[in-house]
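Note sheet for the following structure.
Please read these numbers as outputs of a predicted model, since none were measured by experiment. Chain naming here is simple, since letters A, B, ... match the order of the sequence lines and numbering starts at 1 in each.
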Amino acid sequence: MLKVTIDNQTIEVEEGTTILQAARLIGGAIVPPAMCYYSKLKDSGGKCRTCLVKVAQGSSRDPRPMPKLVASCRTPVMDGMVVQNITSPEVIETRKAIVEFLLINHPLDCPVCDQAGECDLQNLSYQNGNEETRFEEAKRTFDVIDIGDNVQLHMNRCILCYRCVYTANQLTDKRVHGILYRGDVSEISTYIQTDISNDFSGNIIDVCPVGALTDKTFRFKNRVWFLKPMNASRSCTKCSGKVTAWMRGNEIYRVTGRKDQYGEVEEFICNECRFEKKAVSDWTIESPRNIKRASVISQNHYTRLKNPSVILPLEEKMGKSPYGETKSINDKQS
Amino acid sequence: MDRKILLENIDIPGIQSFETFRSCGGYLAVEKALKTMAPDEITEEVKKSGLKGRGGAGFPAGMKWSFIDKKVDKPRYLICNADESEPGTFKDRYLMEKIPHLLIEGMICACYALGANTGYIYVRGEYKYIIGILNKAVREAYEAGFLGENILGTKFKLDIVVHSGAGAYICGEETALIESLEGKRGNPRIKPPFPALVGLYGSPTVVNNVETLANIGYIVNNGGEKYTQIGLGRSTGTKLISACGNINKPGVYEIELGVSVRDFIYSDQYCGGIKNNKELKAVIAGGSSVPILPKDLILKTASGEDRLMTYESLSDGGFVSGTMLGSGGFIVYDEDACIVRNTWNLTRFYHHESCGQCSPCREGTGWMENVLHRLENGEGRSKDIDLLVSIAAKIEGKTICPLGDASAWPVASAIRHFRHEFEFHVQHPEIVKNVNHGSLAKYVG
Ligand SMILES: Cc1cc2nc3c(=O)[nH]c(=O)nc-3n(C[C@H](O)[C@H](O)[C@H](O)COP(=O)(O)O)c2cc1C
Ligand code: SF4
Ligand code: SF4
Ligand code: FES
C-alpha cells in the first residue's frame with residue numbers, strides 16, 4: 001500500500017492508483033474536477049487539464065516537488081507523495097484559466113441546451129469560472145448533424161474530451177466514430193456520417209460532459225430540473241436493465257444510465273432500454289434516485305450570485321427599465 | 001574554432017553515392033562497431049562524448065540510450081526523427097540531401113548499440129525528394145551488405161525503413177511521431193511512460209534527430225573522449241545552424257560549438273553580416289519556438305559577456321534575458337522588421353499545427369493569433385498586450401506536449417523585449433494600418 005496526502009488528508013491506496021482516484025477515495029471538496037477522464041473508459045483522461053494539481057513532494061524516496069502541475073487523472077501515486085489541490089493558489093488559478101479556455105469556443109446557449117442542469121461544464125464554470133469573458137472574437141460554428149437515428153451532435157458545444165471516441169472504440173464493434181482534422185477545427189464525426197448503429201451506441205450521450213451529444217427522443221421535451229430521476233429496471237437481454245427513468249407525473253421522458261456523484265454511469269445500458277422503452281409499463285419503478293451530482297441547478301445555486309457586479313454593468317449599459325425598478329435575479333428568487 | 005564533423009566531405013563530387021562515401025572512409029565505423037565493440041561499449045562512448053540531442057531539447061544522447069530496457073523480451077526500435085518542421089530549421093534536409101550515407105552509417109551503429117533490428121526514418125511529408133534520396137542510399141547499403149541479414153558476416157541483422165509523414169509539425173514530437181508511424185492520428189501521448197520503456201508498438205524505442213545520429217559514426221571511429229575536445233565545455237562537438245533572414249549569406253553552416261554569436265552573424269565565414277548594411281534588430285537563435293532576443297542581449301549576456309553559440313551561453317539568464325540553442329534555426333531580423341507582425345505570423349503557425357488534444361493549446365493558440373492579428377492591423381487596445389502575456393502564461397507548462405510552451409514563448413518574449421513596439425501599434429492605428437510593416441522602425445525609433 002502507498003501513502004498519499006492530498007490537501008492535508010492522508011490515505012493508503014494500492015499501487016497503480018492515480019491521484020484522482022485516491023482523491024475520490026477520500027471524497028469531498030478535495031476531489032479535482034474531471035472533464036475528460038472517465039473511469040470506465042480505458043485510456044481516457046489527460047486532455048482537458050481541469051484536474052491539474054500540484055505535487056509538492058514526489059515521494060518519500062525523492063521528496064522533490066514536481067516541476068509542473070500534473071494531470072491527477074493520469075499520474076500514479078507514489079509512496080509518501082504530497083499533493084495540493086484546493087490548498088494551492090496556483091492550482092486554483094490554473095483551473096480558472098482552463099475554464100476560460102474551455103468556454104471560448106463554447107456557445108453558452110444553455111437556455112436552449114438539453115444538457116443544462118446536468119452539464120459538467122456549467123457546473124465547472126460556476127465553481128471555477130470568471131464572471132466576465134475576455135474573449136471577444138467569433139466562436140467556431142458547425143452545423144448540427146445526426147449520428148444515427150437517436151443521437152444528435154452539436155459540435156459547437158463539444159469540448160473535445162474524447163470520451164465518446166473511447167466509448168465508440170471500446171463498446172461498439174466497428175470503429176466509425178472519431179475525430180477529424182486538428183487543433184480548434186477538429187470535429188467529432190462518424191466517418192462520412194456513417195451511422196453508429198450498435199446496441200450500445202447511445203452511451204456516447206451519457207459520457208458526453210456537455211450538450212454536444214444529445215438524445216433525439218428527448219430533444220426539447222422538458223428541462224431536466226423539472227424531472228424526477230427514478231431507479232427503474234426491466235429484464236433485458238442485452239444489458240443489466242438497470243437505468244434511471246426521468247419522470248414527470250406519470251410519464252417517462254427519457255432513460256439514461258445510473259450516474260454516480262462524478263457523473264459516471266454505473267453500467268452502460270443498451271439502446272433498446274434507452275430509446276425504445278418509454279412507457280411506465282415497460283419498467284419496474286423502484287425508488288427515487290438520490291442525485292449526488294453537484295448540479296448548479298439541483299443545488300439552487302443560481303439564487304446566490306457570487307458577485308452582483310455582473311448585473312450592475314448591464315443596468316448601466318441598458319439604462320433603467322421603463323417598467324420601473326430593474327429587478328436583479330437575486331431579488332426574484334430569494 | 002572551425003573543425004567539422006558532419007560537413008567535412010560535403011563538397012566531394014558524388015559523395016551522395018555509396019561508392020564515393022565509402023572511398024572517403026564511410027562505413028568504417030560500422031566495421032569497427034560490429035567487429036570490435038560490444039553494444040554497451042558504444043553507448044558508453046556516446047555517453048562520454050557528451051553529445052546532446054540536436055532535435056531541440058538537447059537531451060544527452062548516451063543517457064537516452066541507456067534508459068532502454070534491454071531485459072524485456074520485446075523487439076527494440078530506433079526511430080530517426082526527420083520531420084524537421086520547425087520554422088527556420090532546415091539543417092536535417094541539407095544533411096540528408098547532401099550526404100545521406102552519414103545518417104545511415106550512424107543509424108547502423110546506433111541500432112547495434114541498442115540491439116534494434118529495425119530502424120525507421122520518419123521524413124517530413126513535404127520533403128518528397130528526400131525520400132527518393134534516402135531510399136536510394138538505403139538500397140545501396142543493402143546491396144553492399146551493410147543492411148539486411150548477417151551484416152559483415154556477423155549475426156547482426158538490421159532493416160531500415162523510410163517512412164513519409166503527411167505534413168504535420170506535431171508529428172515531430174516523438175510520441176506523436178510514434179502514433180503516426182503506427183498508423184494512428186498524430187496526437188502526442190501522455191507521458192510517462194517514455195518511449196524508452198513503451199514506444200513504438202509498445203516496445204522500447206529511441207527517437208533521435210537526424211543530426212544526432214549523423215554524429216555517431218565519428219564517435220565510434222574516434223572515441224567519445226576525442227569528441228569532447230571539439231566544442232567548448234559541456235557543449236561538445238559541432239552544430240549545424242540553418243541561418244536565414246536579413247543576412248548576406250543565408251544557408252546551413254556547421255559551427256564548432258563555442259563560436260561567438262557576433263562572429264557567426266558578422267564574419268564572412270558564416271552569415272556575412274546584415275543585408276544592405278542595415279542594423280541588426282533581433283535574433284531567434286534556435287528555431288521559432290525559442291525566445292526572441294534583441295540585438296544587445298543576443299550579442300552579449302545580461303552580465304556583459306560575449307554570447308557564444310553553446311547550449312549554456314545561449315540560455316544564460318534564463319528566459320528573462322536568455323534563450324536556447326534549440327534546433328539551430330537561426331533567424332535574423334534587421335532594423336526594418338516588425339516584431340508584432342512577426343509574432344503574429346508565428347502564432348498563426350502554432351495555431352494551425354496544434355493537434356487540439358488539450359484545451360490550453362487548442363484554444364489558446366487561436367486566441368493569441370486573433371489578438372495579435374488585431375494589434376497588427378491597428379485594431380488593438382492597450383489591454384490586449386497584457387491579455388497576450390496572460391494567455392501565454394496560462395498555456396505554458398500546462399499542456400500535454402511542449403508545443404503549448406513553444407507557442408507561448410515567442411509571444412511572451414516578444415512582449416518582454418519589444419513592448420514598446422506593441423504599444424506603438426495600439427497608439428498609432430492609422431500608421432500601422434497604412435504603412436508597410438517593414439518601414440515601421442522609423443516611427444518606433
Ligand atoms: C511540436 C514538436 C515538434 C518537434 N519536431 C521535431 C523535429 O522535427 N525533429 C526533431 O528531431 N525533433 C523534433 N522535436 C523533438 C522531439 O520530440 C524529440 O525530442 C527529438 O526528436 C529527440 O531527438 P534528439 O534527442 O536526438 O534531439 C519536436 C518536439 C515538439 C514538441
Ligand atoms: S461530443 Fe461530447 S463526449 Fe464527444 S468529445 Fe465532444 S464533448 Fe466529449
Ligand atoms: S500541447 Fe497542443 S499539440 Fe501538444 S498535445 Fe496539447 S493540443 Fe496537442
Ligand atoms: S480529467 Fe484529467 S485531464 Fe481531463
Side-chain angles (χ1 to χ4, degrees), chain A residues 18 35-37 43-52 54 66-71 73-76 90-91 93-106 121 124 133-140 158-162 165 169 175 178-188, chain B residues 166-171 176 180 184-193 348-374 379-381 383-384 386-388 390-405 407:
Chain A
T18 61
M35 298 296 290
C36 67
Y37 170 76
D43 297 334
S44 66
K47 300 194 197 298
C48 69
R49 319 303 281 172
T50 47
C51 72
L52 292 186
K54 191 179 171 74
M66 291 194 180
K68 291 179 187 176
L69 301 185
V70 301
C73 65
R74 290 293 291 255
T75 309
E90 187 190 355
V91 168
E93 208 35 54
T94 299
R95 200 156 289 151
K96 277 194 160 185
I98 302 295
V99 174
E100 182 174 37
F101 285 133
L102 286 175
L103 288 180
I104 65 178
N105 269 313
H106 193 80
L121 185 57
L124 182 77
T133 176
R134 299 186 294 171
F135 181 78
E136 302 162 26
E137 289 76 15
K139 294 177 191 259
R140 60 188 199 146
C158 172
I159 58 161
L160 289 164
C161 72
Y162 280 64
V165 177
N169 278 358
R175 187 184 186 281
I179 288 181
L180 300 182
Y181 316 118
R182 69 179 178 222
D184 61 3
V185 296
S186 335
E187 53 181 291
I188 296 293
Chain B
Y169 171 58
I170 192 57
C171 289
S180 163
K184 301 185 188 138
R185 187 184 159 84
N187 278 1
R189 292 179 180 170
I190 294 154
K191 284 162 277 185
R348 204 164 54 132
F349 172 79
Y350 290 106
H351 176 205
H352 186 249
E353 299 296 338
S354 162
C355 84
Q357 252 192 122
C358 52
S359 4
C361 168
R362 179 183 66 239
E363 307 295 350
T365 48
W367 193 5
M368 290 195 298
E369 187 201 331
N370 277 328
V371 177
L372 277 157
H373 183 256
R374 194 154 80 208
E379 287 153 15
R381 288 144 307 173
K383 65 175 185 188
D384 283 341
D386 286 329
L387 177 62
L388 283 171
S390 157
I391 303 173
K394 286 173 174 181
I395 299 175
E396 186 187 345
K398 310 195 171 56
T399 55
I400 294 176
C401 88
L403 190 142
D405 302 331
S407 74

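- Residue contact with chain A, scored on non-hydrogen atoms closer than 4.5 Å, involves the backbone and the side chain of B:Ile391 alike.
- What you find for B:Ser359 and A:Cys48 is that their closest heavy atoms are OG-O, 2.5 Å.
- Remark: the backbone N or O of A:Ile179 is paired with a side-chain donor or acceptor of B:Arg185 at under 3.5 angstrom.
- In the model, B:Arg362 has no side-chain atom that pairs as donor or acceptor with a side-chain atom of A:Ser186 under 3.5 Å.
- Annotation: side chain of B:Lys394 is not in contact with side chain of A:Lys96 (no heavy-atom distance under 4.5 Å).
- At a 4.5 Å heavy-atom cutoff, the contact between A:Arg74 and chain B is made by side-chain atoms alone.
- Between the CZ atom in A:Phe135 and the CG atom in B:Asn370 there is a gap of 6.0 Å [rounded to 0.5 Å].
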Next item on the list: Run the numbers on B:Ser390 and A:Arg134 for side chain to side chain contact (heavy atoms under 4.5 Å, CB included), then give the verdict.
Entry: CA-CA 11 Å; B:Ser390 157; A:Arg134 299 186 294 171; 3.1 Å; yes
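- For A:Tyr181, the part lying near chain B is the backbone, with the side chain staying farther off; criterion is any non-hydrogen pair under 4.5 Å.
- Ranked by heavy-atom pairs under 4.5 Å with chain B, the list A:Arg140, A:Glu136, A:Glu93, A:Glu137 is led by A:Glu137.
- Listed options A:Asp184, A:Thr94, A:Val70, A:Asn105 were ranked by heavy-atom pairs under 4.5 angstrom with chain B; first place goes to A:Asp184.
- For B:Ala393, no part sits under 4.5 Å from any heavy atom of chain A, backbone or side chain.
- By the 6.0 Å contact criterion, NZ on B:Lys383 is open, its count of non-hydrogen atoms from other residues, nucleotides or ligands being 12 or less.
- Of the atoms belonging to A:Leu160, heavy atoms from both backbone and side chain fall under 4.5 Å from chain B.
- Each of A:Ile104, A:Ile98, A:Leu102 was evaluated against B:Glu363; a single residue qualifies, A:Ile104, per the side-chain contact (heavy atoms from CB on, under 4.5 Å) test.
- Judged purely by atom type and a 3.5 angstrom limit, A:Arg49 uses its side chain to pair as donor or acceptor with the backbone of B:Lys398.
- Contact count versus chain A (heavy atoms, under 4.5 Å) is highest, among B:Ser354, B:Gly186, B:Pro192, for B:Ser354.
- Only the backbone of B:Thr399 comes within less than 4.5 Å of a heavy atom of chain A; no side-chain atom from C-beta onward does.
- The minimum heavy-atom distance between B:Gly397 and A:Lys68, with the atom names listed, is O-CD, 3.7 Å.
- With contacts defined as side-chain heavy-atom distances shorter than 4.5 Å, the pair B:Asn187/A:Arg182 does not qualify.
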